[in-house]
Amino acid sequence: MKKIIILNGPNLNLLGEREKNQYGSFTLSDVEKNCEKFASKNNFIISFYQSNIEGEIVEKIQNSRKDQNGLIINAGGYTHTSVAIHDALKIIKFPIIELHITNIYNREDFRHKSLISNVVNGVICGFGVHGYIMALEAMKKYLDNEDR
Ligand code: CA2
């Protein structure tokens with residue numbers, strides 16, 4: 001069975017607790033349950049990880065390189081600042097999907113630049129937490145076709 005890791009960056013542990021008009025009222029644990037449902041229907045093994053610490057995310061990406069088949073990342077605020085996460089993603093040989101709950105292009109200017117978009121296969125943003133399922137569907141397509 002194919003293994004997919006879903007990484008979430010800073011502050012996403014608070015999803016559903018505040019800024020509900022922007023991010024919706026689902027919690028990260030609701031999102032995880034939904035992803036688990038999709039995974040079991042589609043014969044994937046998924047693992048879910050959240051950290052507020054840049055270095056921990058870098059280590060998780062590095063450690064995934066030998067035992068995963070796909071990686072989905074919502075790097076949160078680090079999307080716009082982290083050369084270290086960019087560099088870690090660059091070493092990955094399997095498909096990577098960048099994901100954002102909100103449309104980062106209709107928000108503040110500082111969110112318009114992603115430092116990771118140029119080292120991923122595709123980007124999903126602006127579809128709320130449904131984006132996580134969209135990313136899994138996209139990943140399924142990549143893995144079925146054995147692309148990259
Ligand atoms: O839209 C996204 O998914 C973001 O990656 C979320 C980041 C933001 O810095 C990016 O520009 C876009 C922020 C995560 C904050 O997460 C919270 C959500 C709801 C409640 C509290 C925190």
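Counting from 1, the numbers follow the sequence of the chain as shown. As the structure lists them, so they are numbered: ligands from 1, and atoms in each ligand from 1. Given the structure is predicted, the values throughout are model-derived calculations rather than measurements.
- Nearest protein heavy-atom contact of atom 7 (C) of ligand 1 is Gly76 CA, 3.6 Å.
- Of the protein's heavy atoms, Arg18 O, 3.1 Å lies nearest to atom 20 (C) of ligand 1.
- At the shortest separation from atom 4 (C) of ligand 1 among protein heavy atoms lies His100 ND1, 3.8 Å.
- Given atom 5 (O) of ligand 1, the protein heavy atom at minimum distance is Asn74 OD1, 2.8 Å.
- Within a 6.0 Å radius of CZ in Phe38, more than 12 heavy atoms belonging to other residues, nucleotides or ligands are found.
- Protein heavy atom nearest atom 17 (C) of ligand 1, with residue, atom name and distance: Asn11 O, 3.5 Å.
- Ring geometry for His100 against His80 counts as parallel: the plane angle stays under 30°, on a 0 to 90° scale with 60° as the upper cut.
- Looking only at protein heavy atoms, the nearest one to atom 11 (O) of ligand 1 is His80 NE2, 2.7 Å.
- In terms of protein heavy-atom proximity, atom 8 (C) of ligand 1 is nearest to Arg111 NH1, 3.2 Å.
- Taking the charged nitrogens against the carboxylate oxygens, Arg111 and Glu108 do have a contact shorter than 4.0 Å, which makes a salt bridge.
- Within 6.0 Å of OH on Tyr23 lie more than 12 heavy atoms contributed by other residues, nucleotides or ligands.
- A donor-acceptor pair is defined here as one N or O able to donate and one able to accept, closer than 3.5 Å; no such pair exists between the side chain of Glu98 and the backbone of Asn74.
- Partners of Ser40 under the side chain to side chain donor-acceptor pair (under 3.5 Å) rule, at least two apart in sequence or in another chain, do not exist in this structure.
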